[in-house]
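All values derive from a computational prediction rather than experimental measurement. Side chains are part of it too, since the values below use all heavy atoms of this structure and drop only hydrogens, waters and symmetry mates.
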Amino acid sequence: MFLTYLWRELRRRMRQAIFISLGLALGIGLVITVTAASSGVKDAQTTVLHALYGTGTDITVTKAPTAGSGAPGSFGFRGQAGTGSRPAAGAKINIDTLRNLGLGTISSSSVTKVSQLSGVAAAAGGLTLTDTKITGTVSDNTGSGGFGGGGSGSLTPISFSVDGADIGTGELGPLSAGKLTSGRTFASSDSNSNVAVLDSSYATQNKLSVGSAITIAKTSFKVIGIVSEPSGQNNSDVYIPLARAQSLSGLKNDVNTIYVAASSAANVNTVSKEISKAVPSATVTNSSDLANEVTGSLSSTSSLASNLGKWLAVAVLAAAFLLASLLTMSAVSRRVREFGTLKALGWRSRRVILQVMGESIVVGIIGGAAGVVLGFAGAGVINAIAPSLSASVGTTTGSATPGGARQFGAGSGPGGGGGGGFRQAAASATHTVAVHLTAPVTVGAIVLAVLLAIAGGLIAGSFGGWRAARLRPAAALAKVT
């Protein structure tokens, strides 16, 4: 009886049902289209950011320094000249220390633990350090810190960044995206050698070249290569083997950064969570986290598509729901004689409400189905007219990747020689990432559309049912002519 009466009433008021369904369909179709477009922009953003994040490196692991660590301290002033709190006037100062500033240390065993996690293709440790040199003569009026430059002498502080690179897993880490401009990169035999690779900007600024000597922690290192790295990265000035960096900084068996490559891009977030459990109190950063910090055009476009589209969809849905509710209430007002007669025949108010709500829910489902079709159509239009874009993200030749005796000017040119099993050979100097702007319609968006359709029907039916429940049989008799 319920379904028969429902079908008859919908057929009798087909024009109104179609009008309400189209209103709901428009709102739901817009929600699907905007959601799909936003997802497409985020996918494109992730593609570019993943390439910017580093060749092969999907995740980095660091720790915050413990309280009291990483401070400049006395830099060895105490006890170097005299027994007081500072060197005596006229004392010669020659300090050269390699220190870990700004990051907490992580045991090298954690690198092994991370490399054994499910979904991890490779993991490598690294040390980001600062070499500080202070030379000169303590003047008569240096004050408590030993600096000042007045009187009979002066002190000259110099500092530069040093990165300890894991030669055994060189496909990951700070040199993975570097391009050799001269000399060679680290070979496996350099693990305990005093050799260094310089950043091209630092080498130019200090007039250094292949064959030059550079002093780190009072130890002479021979420059074996000059490397150029993509702009925008936090490049170090000098790169030395990890074992030597650990020894000179007093951090044997410690690192302060772990570089991780996931076996699949789809596993990055899962692997990040596993690393957080395996290395407590660590800060795990991946390309998704990097995206949250980027303020470039793709990030802004994604935010605009998400926020503006979301509120536009909400506004259209609210208007559609309001229109459906008003039309349903108007229809109930025109059915006074019908509902009053039914109540006079014994129908209870609850049954009348269920009848009105049933009709509204069916209309909502029809509108939801039409909205899904409109959503797919909108996504298809975006896919058809969206332009093909490309993004240049710097070098991916990896010619500075440690682990092989790659010689600039020998073999097959920069980046010639063996590349290691993990290093996928890349021949070009610049990496162009194809960015396909699409609008993928997800199952979640379709489920959301169905739920919104049912919600719209329930809202409209609730208002209409409330109006119908207030009718009295006497009102129907007043309409009889």
Side-chain angles (χ1 to χ4, degrees), residues 53-54 56-73 97-132 161-176 186 188 190-194 196-197 216-217 219 234 236 238-263 267-287 289-290 401-403 420 422:
Y53 195 68
T57 302
D58 297 306
I59 304 166
T60 56
V61 184
T62 57
K63 272 189 176 182
T66 56
S69 67
T97 59
L98 188 61
R99 321 185 90 196
N100 174 32
L101 302 177
L103 291 174
T105 57
I106 305 172
S107 173
S108 295
S109 61
S110 296
V111 181
T112 304
K113 184 186 299 184
V114 169
S115 67
Q116 295 172 347
L117 294 175
S118 174
V120 173
L127 268 176
T128 301
L129 307 168
T130 300
D131 185 273
T132 303
S161 57
V162 178
D163 222 314
D166 187 343
I167 294 177
T169 318
E171 295 83 359
L172 296 173
L175 284 174
S176 61
F186 297 116
S188 56
D190 293 326
S191 295
N192 293 292
S193 301
N194 293 333
V197 173
I216 302 173
T219 303
N234 295 323
S236 291
V238 181
Y239 301 90
I240 63 176
L242 177 60
R244 298 299 297 135
Q246 291 174 323
S247 176
L248 294 175
S249 62
L251 296 174
K252 188 176 181 180
N253 298 323
D254 283 335
V255 298
N256 57 19
T257 305
I258 302 177
Y259 303 92
V260 184
S263 57
N267 295 336
V268 170
N269 290 331
T270 302
V271 171
S272 297
K273 294 177 182 178
E274 292 180 357
I275 294 174
S276 297
K277 295 178 182 179
V279 187
S281 71
T283 301
V284 181
T285 308
N286 57 36
S287 53
D289 301 317
L290 181 65
T401 299
F422 181 73

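Taken from CG in L98 to CZ in R244, the straight-line distance is 10.5 Å, to the nearest 0.5 Å. Atom-to-atom distance recorded for I59:CD1 and S276:OG is 9.0 Å, nearest 0.5 angstrom. Rounding to the nearest 0.5 angstrom, the gap separating the OG atom in S249 from the CG atom in L101 is 11.0 Å. Here the OG1 atom belonging to T219 is positioned 9.0 Å from the CD1 atom belonging to I240, to the nearest 0.5 angstrom. S110 OG to D254 CG: the interatomic distance, rounded to the nearest 0.5 Å, is 9.0 Å. If you take CG on N256 and OG1 on T105, they are separated by 8.0 Å, rounding to the nearest 0.5 Å.
Considering all non-hydrogen atoms of both residues, A245 and G164 come closest at CB-CA, 3.8 Å. Heavy-atom minimum distance, V271 versus S118: CG2-O, 3.9 Å. Here the closest heavy-atom approach between residue Y239 and residue F186 is recorded as O-CZ, 3.2 Å. The two residues K63 and S281 have their closest heavy-atom pair at CE-OG, 3.4 Å. Heavy-atom minimum distance, P241 versus I167: CB-CD1, 3.8 Å. When all heavy atoms of A262 and V268 are compared, the pair lying nearest together is CB-CG2, 4.0 Å.
Side chains of Y259 and D166 form no contact here, defined as non-hydrogen atoms less than 4.5 Å apart. Using a 4.5 Å heavy-atom threshold, the side chains of V114 and E274 count as separate.
Each of L251, V255, L242 was checked for a side chain to side chain contact (heavy atoms under 4.5 Å, CB included) with S108, and the lone residue meeting it is V255.
In terms of modelled atom types and a separation under 3.5 Å, the side chain of S247 and the main chain of A243 share no donor-acceptor contact.
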Verify side chain to side chain contact (heavy atoms under 4.5 Å, CB included) between I275 and I258, making sure each step is shown before the conclusion. CA-CA 10 Å; I275 294 174; I258 302 177; over 6 Å; no
